Amino acid sequence: MNRVLLGFVLAFLWLPKLESQSHIYLIDDLSAQRIVDSVTQVMADSNLVGIAVALVYDRQLVYTNSFGWEDENVSSFTAETKVRWASVSKTITGLIAAKMWEDGALDPYALVSDIVPESDVGNIRVNDLFYHQSGIEHYGGTCEDSGYMGAFNPDSTVSLVDSCSICFTPPGEVQLYSSFGSNLLGVVLDKVGLSSYGMGYYDFYLNNIRTPYGLLSLEQDSTNTDIFMSKGYSGPGSENVPEDVGWKLPSGGFMSNIVDMGRYMEIVLNYELLSQEYYDSLWTLRPIGGNPTFACDTTDSGINESFNPGFGVQWVVSDDVSINNPNFIANHSGFNQTNSRTMLHLLPNKGLGVGILCNTTSQQAGNAVRKLRNILVGILDCPGNREFISLLGMGQSTVYEASTQID
């Protein structure tokens with residue numbers, strides 16, 4: 001009888017849910033309390049309005065929880081609350097690119113102008129966009145930062161990117177993080193998707209990631225009207241007016257609740273969608289040439305070029321340990337100036353993941369998210385000899401410690 005009940009519980013956990021979701025608790029009570037204590041302390045120290053966390057252990061989503069307010073003093077931050085991923089969205093663009101690459105539909109060495117002939121970006125190749133080595137400017141320069149209204153539109157995106165300066169030549173000589181470059185990569189994927197699969201960028205995402213894996217809250221935000229969307233705050237008592245982000249979908253336009261961010265980490269850590277070979281390609285650094293000719297004034301524009309490669313295909317990856325090292329990291333943070341600070345942090349070789357959605361946008365909140373990330377990784381990565389997870393611990397008060405050693 002107990003085996004039948006346990007089997008039912010496991011099947012229920014893996015059923016795709018609609019908007020009504022509950023939090024996940026598959027860890028021992030002492031670890032859960034440490035997480036709650038850590039989050040509430042960081043919230044208090046950093047004046048955060050609302051926050052949610054997701055933890056993956058042994059490649060399994062074992063914990064999600066939410067704290068504070070979705071709408072300050074009106075409605076709590078819950079499992080259903082959605083937050084903009086901001087630049088964490090780039091990891092989705094990276095996955096789509098790697099999938100098309102694995103299928104043989106996308107040639108990383110092709111000239112962008114051969115795929116998007118209406119674009120005026122010279123001799124930039126697709127893999128220059130992959131690794132933020134195209135030279136296309138980021139925010140704060142000549143690009144039209146305001147974008148356009150409504151959902152992602154490839155033609156409008158090309159016009160927007162063409163307004164940006166190319167800050168160095170030739171491509172591949174320096175790393176220059178660029179959301180506009182990521183948006184152009186989205187256009188490339190849209191064109192390849194239509195010609196090879198009969199579906200553009202977003203439909204390819206829907207058919208290959210969202211729908212098959214049941215990530216029903218992970219979608220584009222192009223209207224600012226989703227009833228589950230959290231309000232954004234500069235700090236307590238300081239609500240922000242939301243900006244339109246549909247135009248930058250490939251670089252920063254996705255949103256979800258915390259459960260689906262956790263499910264997304266689980267998919268990646270179990271090497272679903274791609275073979276492990278192409279996950280390795282996704283997370284492999286591309287060497288930099290190091291002999292550029294600069295065309296932008298980097299002193300006043302906020303441009304941050306680097307001669308130390310730190311990107312895989314739209315993912316931030318370790319540049320100090322090999323991809324096979326237990327401490328290798330693949331991650332991305334996000335900042336939407338009116339809605340969110342976010343974090344997705346994976347240790348693929350250990351099967352560990354931390355996801356954070358925060359609706360407070362201050363610099364203090366950014367520091368808090370990074371601090372909390374480090375604390376949560378420490379809790380996940382130090383279970384000792386205790387039974388860190390237990391399928392029988394859901395909603396029960398039993399403590400599943402195998403020893404008194406916690407840290």
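This one's a predicted model, so the numbers in the text were calculated from it and none came from an experiment.
Aromatic ring centroids of F311 and Y177 lie under 6.0 Å apart. A ring-centre distance under 6.0 Å is not found for F67 and F77. A distance of 6.0 Å or more separates the ring centres of F152 and W247. Taking the six-membered ring where the residue is Trp, the centroids of Y202 and Y205 are separated by under 6.0 Å. Residues Y279 and Y271 place their aromatic rings such that the two centres sit under 6.0 Å apart.
At a cut-off of 3.5 Å, with distance as the only test, no side-chain donor of E70 or S230 sits close to an acceptor on the other residue. Residues S159 and D162 have side chains that never bring a donor and an acceptor to within less than 3.5 angstrom of each other. With hydrogens and angles left out, the side-chain atoms of D45 and Q41 include a donor and acceptor closer than 3.5 Å. A side-chain donor from one of S165 and T142 sits under 3.5 Å from a side-chain acceptor of the other. A donor atom on one side chain and an acceptor atom on the other are not found under 3.5 Å apart for S178 and E137. A donor-acceptor contact closer than 3.5 angstrom is absent between the side chains of T64 and Y25. Under the 3.5 Å distance criterion, with hydrogens and angles disregarded, no donor-acceptor pair is assigned to the side chains of N257 and T81. For the 3.5 Å distance criterion, the side chains of S251 and N183 qualify, holding a donor opposite an acceptor. N336 and E243 share a side-chain donor-acceptor pair at under 3.5 Å. Using modelled atom types and a 3.5 Å distance limit, the side chains of K231 and N240 yield no donor-acceptor pair. In this model, no donor atom of one side chain and acceptor atom of the other lie less than 3.5 Å apart for H332 and S87. For the residue pair Q33 and D37, a side-chain donor N or O sits within less than 3.5 Å of a side-chain acceptor on the partner.
A donor-acceptor pair under 3.5 Å links the side-chain atoms of H138 to the main chain of S179, judged by distance alone. Not one N or O on the side chain of Q220 forms a donor-acceptor pair closer than 3.5 Å with the backbone of G253. When atom types are taken as modelled, the side chain of T361 and the backbone of Y233 share a donor-acceptor pair closer than 3.5 angstrom. With hydrogens and angles ignored, the 3.5 Å screen pairs a side-chain donor or acceptor of E72 with a backbone N or O of G237. A side-chain donor-acceptor contact under 3.5 Å links T78 to the backbone of E80. S163 places a side-chain N or O within donor-acceptor distance of the main-chain N or O of L160, the cut-off being under 3.5 Å. Side-chain N or O atoms of T93 include one that pairs as donor or acceptor with a backbone N or O of P250 at under 3.5 Å. T211 places no side-chain N or O within 3.5 Å of a backbone atom of N207 that could act as its donor or acceptor partner. At distances below 3.5 Å, at least one donor-acceptor pair connects side-chain atoms of E173 with backbone N or O atoms of N291. Between the side chain of E102 and the main chain of S275, a donor-acceptor pair closer than 3.5 Å is present.
Using a 4.0 Å cut-off between charged nitrogen and carboxylate oxygen, D128 and R286 count as a salt-bridge pair. A salt bridge links K191 to E118: at least one charged side-chain nitrogen sits closer than 4.0 Å to a carboxylate oxygen.
Between Y197 and F204, the angle of the ring planes goes over 60°, which puts this pair in the perpendicular group of the 30/60° scheme.
Between T342 and A86, the closest heavy-atom pair is OG1-CB, 4.5 Å.
Taking CZ of R34 as the reference point, atom CG of D28 lies at 9.5 Å (rounded to 0.5 Å).
Among I24, L26, I35, the single residue meeting the side-chain contact (heavy atoms from CB on, under 4.5 Å) criterion with Y63 is I35. The side chain to side chain donor-acceptor pair (under 3.5 Å) test with R84 singles out one residue from N359, N339, D221, and that residue is D221.
Both the sub-6.0 Å distance and the 45° axial angle are satisfied by R341 relative to the ring of F335.
Partners of L215 by side chain to side chain contact (heavy atoms under 4.5 Å, CB included), not counting sequence neighbours, listed by chain and number: I209, Y213, L218, D260, R263, Y264, I267. Remark: S318 engages D320, V321, F328, I329 in a side chain to side chain contact (heavy atoms under 4.5 Å, CB included) (not counting sequence neighbours). Qualifying side chain to side chain contact (heavy atoms under 4.5 Å, CB included) partners for A295, counting only residues two or more places apart in sequence or in other chains: none.
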Inset, instruction - Using the side chain to side chain donor-acceptor pair (under 3.5 Å) rule, take W85 and S256 through it: C-alpha gap first, then chi angles, then the decisive distance, then the call. - result: CA-CA 7 Å; W85 280 27; S256 85; 2.9 Å; yes
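The environment of NZ in K371 is sparse: at most 12 heavy-atom neighbours from other residues, nucleotides or ligands sit within 6.0 Å.
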